Amino acid sequence: MNLWLQKVDAKLNNLTPVYTIRADGYAAQIAAFGGGVKSLTFRGAPLVETYDGFPPLAAGVVLAPWPNRIADGTYTWRGERHQLPITEPERNNAIHGFVADRVWECVSHSVGSVTLAVNIAPQAGYPWFVRLVARYALGRDGLTATFHAESPHPEVPYAFGWHTYLTAGGAPTDTCRLTLNTTTDVELDGARNLPTGVERPAQFKDAAVAGLELDHCFSAPTGVRAELADAHGLRTRLECSGDVRWAQVYTPHDYPGRGRAIAVEPMSAPPNAFATGTGVRTLPATDWVRLSAADTGTAADTGFFGHGNVEN
């Protein structure tokens, strides 16, 4: 287990605030710890994996100012080399940014929405101040999460991710099927989970989750879209803004109370982005992710995936 995960041991009592919002058949719990979604349901059926205590396996937390891993914690930005703390020592990586284990402040809270914020102070390896604001709002289209980052400093490197675990109404994960609009597998090495430089076609359309063993990065031509469907046609959908073109798909066997689970983690940059420059933006930057339920019987190819709908 890496140092970052040790700090959020799910067995400990979590006394940080959780904010409940409701609208149009949806209900969500938004956690101050990690600034993310603790639960989301539609007419009582869960759309994401939930938890007690602290988020296990990084469930639902926000990843910024970078998602995923940076090799050796080192990168060069505008000609200056930076060294981040190593938070995944067994792989000698810096992982998942600075805000996933922070307690976010509540800016506003109403029946159908909540806005949280967190400040990233200048620190070793990242000498810039950043303010990140997350607004979660429920409506007929589901839960829309909008993430806005800004800084008084010019030319600040930034990337965003969200560690979401999907579920189709709580059905056993291995009875479900997955569709993604991703078209490319960004190959990761087996030792450190970092890109090898090789990319190959990777296509998922109504693919059985059973048998998938993934901790892989995939890219899409535009914002990531995903759909997880149970055997009866109940579907959970994830849709992202255009810059969120990568997803880490992870299928652990040890999610508490569930066993097998599937994370579809939207990201605005792939692993090792600060070192390679791929997907890295300067601030200000705004991203959004929407989670929703599709009506029973809705087919995966009815337009939600558009030209990105591909076959496995």
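These numbers were taken from a predicted model, which means no experiment stands behind them. Quick note: numbers below take in every heavy atom, side chains included, and nothing from hydrogens, waters or symmetry partners.
In this structure, the side chain of Thr179 does not engage the main chain of Glu227 through any donor-acceptor pair within 3.5 Å. Remark: side-chain polar atoms of His96 are not paired, donor with acceptor, to backbone N or O of Val62 under 3.5 angstrom. Between the side chain of Thr236 and the backbone N or O of Leu228 there is no donor-acceptor pair closer than 3.5 Å. Of the possible polar contacts, none joining the Asn272 side chain to the Ala275 backbone as a donor-acceptor pair under 3.5 Å is found. Judged purely by atom type and a 3.5 angstrom limit, Arg192 uses its side chain to pair as donor or acceptor with the backbone of Asn92. Judged by distance alone, the side chain of Thr175 and the main-chain N or O of Pro172 form a donor-acceptor pair under 3.5 Å.
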Side chains of residues 256-265: which donor-acceptor partners sit under 3.5 Å, not counting sequence neighbours?
from, atom 1, to, atom 2, distance (Å)
Arg258, NE, Glu49, OE1, 3.0
Arg258, NE, Glu49, OE2, 3.0
Arg258, NH1, Gly170, O, 2.9
Arg258, NH2, Glu49, OE2, 3.1
Arg258, NH2, Thr167, OG1, 3.3
Arg258, NH2, Ala171, O, 2.8
Arg260, NE, Asp174, OD1, 3.1
Arg260, NE, Asp174, OD2, 3.3
Arg260, NH1, Leu212, O, 2.9
Arg260, NH1, Thr251, O, 3.4
Arg260, NH2, Asp174, OD1, 2.9
Arg260, NH2, Val209, O, 3.1
Arg260, NH2, Leu212, O, 3.0
Glu265, OE1, His163, NE2, 3.4
Glu265, OE2, His163, NE2, 3.3

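Looking at heavy atoms from C-beta onward, Val37 lies in side-chain contact with Leu143 at the 4.5 angstrom threshold. Annotation: side chain of Pro221 is in contact with side chain of Thr183 (closest heavy-atom distance under 4.5 Å). Taking 4.5 Å as the limit, some side-chain heavy atom of Thr196 sits within range of a side-chain heavy atom of Glu187.
Note: Phe98 and Trp66 have perpendicular aromatic rings, judged against thresholds of 30 and 60 degrees for the angle between ring planes.
Judged as a side chain to side chain donor-acceptor pair (under 3.5 Å), and not counting sequence neighbours, Arg81 has no contacts.
Checking Asn68, Asn93, Asp215 one by one against Asn193, the side chain to side chain donor-acceptor pair (under 3.5 Å) holds for a single residue, Asp215. Across Thr50, Leu291, Thr164, a single residue satisfies side chain to side chain contact (heavy atoms under 4.5 Å, CB included) together with Leu40, and that is Leu291. Tested against His82, the residues Phe274, Trp77, Tyr126, Trp128 include a single ring pair (Phe, Tyr, Trp, His ring centres under 6.0 Å) partner, Trp128.
A donor atom on one side chain and an acceptor atom on the other are not found under 3.5 Å apart for Asp243 and Ser241. Side-chain contact annotation: Gln83 with Thr74, donor-acceptor N/O pair under 3.5 Å absent.
With salt bridges taken as basic N to acidic carboxylate O contacts below 4.0 Å, none links Arg281 and Glu155. Ion pairing of Glu150 with Arg131 is absent here, as no side-chain N (NZ or NE/NH1/NH2) approaches a carboxylate O to less than 4.0 Å. We find that Arg43 and Asp24 are not joined by a salt bridge, their nearest charged nitrogen and carboxylate oxygen being 4.0 Å or further apart.
In this structure, the ring of Tyr255 has its center no less than 6.0 angstrom from the ring center of Tyr51.
Note on residues 135-146: pairs passing side-chain hydrogen bond (donor to acceptor under 3.5 Å, both in side chains), not counting sequence neighbours, are Thr144-Arg290.
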Could you walk me through whether Arg91 and Asp189 pass salt bridge (charged side-chain N to carboxylate O under 4.0 Å, His left out), step by step? CA-CA 11 Å; Arg91 290 173 168 166; Asp189 66 61; over 6 Å; no
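Under the 4.5 Å side-chain heavy-atom criterion for Ile, Leu, Val, Met, Phe, Trp and Tyr, Val224 and Leu214 are members of the same hydrophobic cluster.
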